[in-house]
Enquirer: 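Have a look at the structure that comes next, please.
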Amino acid sequence: VSEQGVDMLLDNIFVQGVVGHAAPGVSIYGKGSTLGFSADLEDLSLKATLRLGVALPGQPSLSEVINLTVGLNNISVAARAYVDEPMLGKSEVDQVIQSPSCILQCTAGTADPQNESLALESMRVSLKPLLRVEATGRLEQEVSTLINTVISSLYAGYLPSLNVLINGVLGLAREKVDELMWRAFDNLPPCSYSTMLLGLSTAGVDGLGVASGVVAVLGVVSAGFAQWQWGPKRSGARDLQSKLERAESNEIASEDSSAASSQVASTVPTASSLAGEAFVPWAFAVFYPFAVVSLMLLLLYADLALGATVSVVMASEEHSTMLGPLFSFSLLSTVVHSWTSGAYFLSILCVLTSGVWPFVKLSLLLVTWLSPPTRLSLQSRGRILGVLDMWGKYSFLDSWFLVLSISAFALQWQSIGDAYMKVSTTPRSGFYAFFTATGLSLVLGHIASECHTHAAKVAHRTSDLVVLAAASLSSENPQPQLEGEEDRDADCTEPQAAVVEAGECPSKASPAEAANASHASHVALMSLSLASGSRKARCAMVALLGAALVLISAGIFATSFEFEIGGIFTEFLFEGEVRKQYSLMSLAQSVTEEAGFSAGLFVLEIIFLLLVIIVPLTLLVFLSVLWLAPMPLRYQEVLLRICYVLDNWSSLDVAVLVLVIATFQFGTMTNHLVERGHFAAPCRMIKDVTQSECMQIALTPHAPAVMTVFAGVAIIVVPKLALSSCAASIFKKAQVARHQEAFACKGQAD
């Protein structure tokens with residue numbers, strides 16, 4: 001305020017104290033075009049810093065800083081607001097709070113001039129005997145003491161009169177306050193609330209989801225046409241099976257061995273891609289590329305669309321309203337907010353695991369499905385599919401991060417009556433699209449792996465039969481050697497290769513081993529005499545599986561971390577910080593308990609429980625059964641394959657990785673969201689007035705978190721070791737059966 005050489009500047013103002021508990025401290029009321037605010041503030045005081053400047057002609061200038069403390073019993077403000085109701089109905093609450101100039105657009109044309117549409121109608125206060133003036137400097141302090149003494153005397157005998165006097169001054173100041181308010185409104189940035197992501201509007205992002213569905217439908221139509229046009233089974237499949245059976249029964253005969261070899265060699269199918277294999281139906285061979293492209297479009301939609309929102313729900317009796325969203329999440333916004341807040345590792349990890357990796361995986365699936373062995377060998381194709389199966393689950397990192405956020409932001413305040421207010425996180429279409437695309441991409445990867453396994457077995461079986469049949473017709477080859485035996489043995493260097501091509505990489509077996517095949521067919525892998533390694537090593541595997549089962553169970557159920565939620569928001573509602581402790585199990589259960597029940601959240605909770613808790617424990621139990629229980633070779637191979645699939649879906653290690661990252665960077669990102677989110681403007685105002693943060697969230701680990709981290713490491717290492725050992729034992733067991741068949745063929749030939 002400046003008047004005739006006297007300048008008075010309000011430097012800052014903040015609140016000190018708490019609201020009393022005897023009655024509701026704050027009330028908001030409305031009547032007609034009037035909106036009112038009233039507060040009963042017995043224990044509250046306002047502190048302000050004023051800068052006084054006096055510059056009179058011919059006199060030395062004076063500059064002084066004055067600290068003013070005022071005690072209040074009650075304060076009430078009523079404002080007049082004329083708005084265009086249809087235009088107001090189209091505005092979102094968070095839009096108005098994020099960009100207050102949007103609400104001014106709703107007042108256009110409701111009053112002439114426009115500044116009459118929004119103005120103060122009354123300002124009233126009720127003082128309590130507390131008004132203190134403080135200033136620096138010896139003279140100023142003495143003057144302040146004098147003023148405080150005089151004011152205390154006035155308060156003692158004339159407090160009601162002072163209240164009337166001050167309220168009169170406030171009434172006269174309304175016009176000046178209105179002028180200052182509209183001057184601030186004129187300096188606001190224009191109303192802007194449009195969603196543009198990478199040059200695409202909201203409609204453009206939705207178009208990607210529609211395109212994904214269109215491609216999937218085209219794939220179904222094309223698959224149906226292919227099945228109808230070319231028949232239910234590939235041409236030549238029956239002929240191939242017939243030739244293989246004839247070769248096995250040694251029906252192919254010839255006067256010379258070279259002619260016999262030529263006849264048997266005709267059973268070997270021409271090298272083909274997975275899509276061109278004889279056992280793959282035309283419908284599926286055609287649909288698979290369409291499914292991959294459809295998932296790519298769905299992932300792109302999920303990356304750009306809104307993934308989740310954090311909102312405030314207020315309810316009383318039968319009425320409720322939603323305020324917000326406070327924050328909005330998409331993969332793109334998470335990456336940007338993480339980077340700008342300094343959470344660089346989280347930002348880079350989200351880009352790699354949820355942005356780049358899913359598209360790389362789908363592209364490689366398309367390559368392995370369409371590339372023939374002349375361009376991509378069987379061994380290379382198997383290794384690629386093994387890597388895709390093993391690391392595909394890390395795309396769930398973004399999904400488990402949302403589960404963590406649901407628990408972090410879940411707050412509920414309950415009044416004495418039936419009124420309540422809660423903060424909840426709601427997954428949106430982008431999250432469900434991403435989760436669906438991630439799961440389906442894993443399924444497509446497993447399908448390709450199974451097709452590759454079958455194709456490799458058929459190719460090796462056929463080539464072996466060629467050698468055996470030719471050997472049975474040639475007296476010059478008394479000890480048949482299976483073609484590619486040594487090469488295939490050298491190729492089996494990874495556990496994945498061991499699983500998907502069990503029985504394809506035999507090493508040479510002695511006749512004694514062949515004689516023991518019948519005895520070993522129902523023996524447990526641990527006690528099998530053909531199993532590799534010493535007895536101590538085989539017993540160590542039992543101890544390792546048992547220790548891992550105990551450690552992982554303890555890590556899942558141990559209370560390993562807590563959320564600390566502070567700031568003026570929790571101080572006002574809960575009188576202090578809110579602390580919530582979780583284990584991985586309770587974290588899963590909190591999805592619907594704290595965020596409220598919905599079909600989508602219920603499915604998310606079930607899938608989290610299944611992949612993070614049930615699947616890892618089931619995997620260890622199945623591996624223990626496979627290692628210890630005696631069963632036929634065929635059952636062991638099937639159970640080994642099941643364990644391999646369970647290992648690829650087990651997501652305990654992904655959840656633990658999310659917890660470790662969140663421990664260091666979750667608080668940084670959430671605080672950045674508060675400062676830059678939709679409620680940034682009111683939060684900054686609250687911080688300026690109260691000198692406190694609006695909301696602060698941090699994740700703090702407890703001592704049992706070490707056990708949870710080791711459980712995550714154990715679920716990565718132990719199943720891989722167990723799968724490798726089981727696969728090696730099954731290989732040895734399977735090779736005996738193969739050589740026994742070879743000797744049987746030789747015996748028939750003799």
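Being a predicted model, the structure only gives us computed values, none of them experimental.
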Enquirer: For Cys350 and Leu331, run side-chain contact (heavy atoms from CB on, under 4.5 Å): C-alpha distance rounded to whole Å, both residues' side-chain angles, the deciding distance at 0.1 Å, then the answer.
Expert: CA-CA 8 Å; Cys350 286; Leu331 176 64; 4.2 Å; yes

Enquirer: Check for a donor-acceptor pair, side chain of Asp178 on one end and backbone N or O of Leu120 on the other, with a separation under 3.5 Å.
Expert: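 Yes, Asp178 side chain to Leu120 backbone: donor-acceptor pair under 3.5 Å.
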
Enquirer: Looking at every heavy atom in both Ala655 and Leu584, which two are closest together, and how far apart are they?
Expert: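 Nearest heavy atoms, Ala655 then Leu584: CB-CD2, 4.5 Å.
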
Enquirer: How close do Ser590 and Ser407 get, counting heavy atoms only, and between which atoms?
Expert: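 In terms of heavy atoms, the two residues are closest at OG-OG, 2.6 Å.
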
Enquirer: Testing the basics here: between Gln665 and Tyr344, what is the closest heavy-atom pair and its distance to 0.1 Å?
Expert: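 In this case the closest contact between Gln665 and Tyr344 is NE2-N, 3.7 Å.
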
Enquirer: What distance separates Ile406 CD1 from Leu587 CG, expressed to the nearest 0.5 Å?
Expert: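 The distance works out to 9.0 Å.
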
Enquirer: Is it the case that the side chains of Ser583 and Ser586 hold a donor-acceptor pair, with the cut-off being a distance below 3.5 Å and no angle test?
Expert: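 Ser586 vs Ser583: donor-acceptor pair found between side chains.
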
Enquirer: According to ring-ring contact (aromatic ring centres under 6.0 Å, His included), who are the partners of Phe563, at least two apart in sequence or on a separate chain?
Expert: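 Testing Phe563 for ring-ring contact (aromatic ring centres under 6.0 Å, His included), a comparison that skips the adjacent residues, returns Phe561, Tyr582, Phe666.
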
Enquirer: Find the distance between OG (Ser354) and CZ (Phe434) and round it off to the nearest 0.5 Å.
Expert: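 Those atoms lie 4.0 Å apart.
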
Enquirer: What are the two closest non-hydrogen atoms of Ser560 and Ala705, and how far apart are they?
Expert: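 Minimum heavy-atom contact is O-CB, 3.3 Å.
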
Enquirer: Residues two or more places apart in sequence or in another chain: which of them pass side chain to side chain contact (heavy atoms under 4.5 Å, CB included) with Leu146?
Expert: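 In terms of side chain to side chain contact (heavy atoms under 4.5 Å, CB included), with neighbours along the sequence ignored, Leu146 is linked to Val150.
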
Enquirer: Verify side-chain contact (heavy atoms from CB on, under 4.5 Å) between Phe431 and Leu604, making sure each step is shown before the conclusion.
Expert: CA-CA 10 Å; Phe431 168 77; Leu604 176 61; 3.5 Å; yes

Enquirer: Taking Leu332's backbone N and O only, do any of them form a donor-acceptor pair with Asp303's side chain (distance below 3.5 Å, no angle check)?
Expert: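 Between the backbone of Leu332 and the side chain of Asp303 there is no qualifying donor-acceptor contact (under 3.5 Å).
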
Enquirer: With side chains defined as the heavy atoms from C-beta onward, is the minimum distance between Ser429 and Leu306 less than 4.5 Å?
Expert: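 Sidechains of Leu306 and Ser429: no contact.
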
Enquirer: Under the side-chain contact (heavy atoms from CB on, under 4.5 Å) rule, what do Val591 and Phe608 come out as? Steps first, then yes or no, please.
Expert: CA-CA 10 Å; Val591 172; Phe608 184 85; 5.9 Å; no

Enquirer: side-chain contact (heavy atoms from CB on, under 4.5 Å) between Thr559 and His702: does it pass, once the steps are laid out?
Expert: CA-CA 7 Å; Thr559 301; His702 290 175; 4.3 Å; yes

Enquirer: Glu134: what forms a salt bridge (Lys or Arg N to Asp or Glu O under 4.0 Å) with it, not counting sequence neighbours?
Expert: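 In terms of salt bridge (Lys or Arg N to Asp or Glu O under 4.0 Å), with neighbours along the sequence ignored, Glu134 is linked to Arg132.
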
Enquirer: Would you compute the distance between atom CG of Leu659 and atom CZ of Phe664 and round it to the nearest 0.5 angstrom?
Expert: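 Here the interatomic distance stands at 11.5 Å.
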
Enquirer: Is there a side-chain contact between Glu142 and Thr145 (heavy atoms, below 4.5 Å)?
Expert: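 Contact flag for Glu142/Thr145 side chains = no.
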
Enquirer: Let me confirm one number: the CG-CH2 distance from Leu404 to Trp400, rounded to the nearest 0.5 Å.
Expert: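 Interatomic distance, Leu404 CG to Trp400 CH2, rounded to 0.5 Å: 12.5 Å.
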
Enquirer: For Gly430 and Ala305, which heavy atoms make the closest approach, and how far apart are they?
Expert: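 Smallest interatomic distance, heavy atoms only, reads CA-CB, 4.0 Å.
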
Enquirer: Verify, without hydrogens or angle tests, whether Lys580 (side chain) and Glu562 (backbone) share a donor-acceptor contact under 3.5 angstrom.
Expert: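 No; zero donor-acceptor contacts below 3.5 Å.
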
Enquirer: Are the side chains of Tyr432 and Val603 in touch, meaning some heavy atoms are under 4.5 Å apart?
Expert: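 Heavy-atom side-chain distance check fails, nothing below 4.5 Å.
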
Enquirer: Starting at CZ of Phe401, measure out to CD1 of Ile661 and round the result to the nearest 0.5 Å.
Expert: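 One finds 8.5 Å between CZ of Phe401 and CD1 of Ile661.
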
Enquirer: Nearest heavy-atom pair of Ile66 and Val133: which atoms, and what distance?
Expert: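 Here Ile66 and Val133 meet closest at CG2-CG1, 3.6 Å.
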
Enquirer: Roughly how far, to the nearest 0.5 Å, is the CG atom of Leu118 from the CZ atom of Arg80?
Expert: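 Output value for this atom pair is 8.5 Å.
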
Enquirer: Look only at the side chain of Arg124 and the backbone of Val77, and say whether a donor-acceptor pair between them is shorter than 3.5 Å.
Expert: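 Here the side-chain-to-backbone pair does not exist.
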
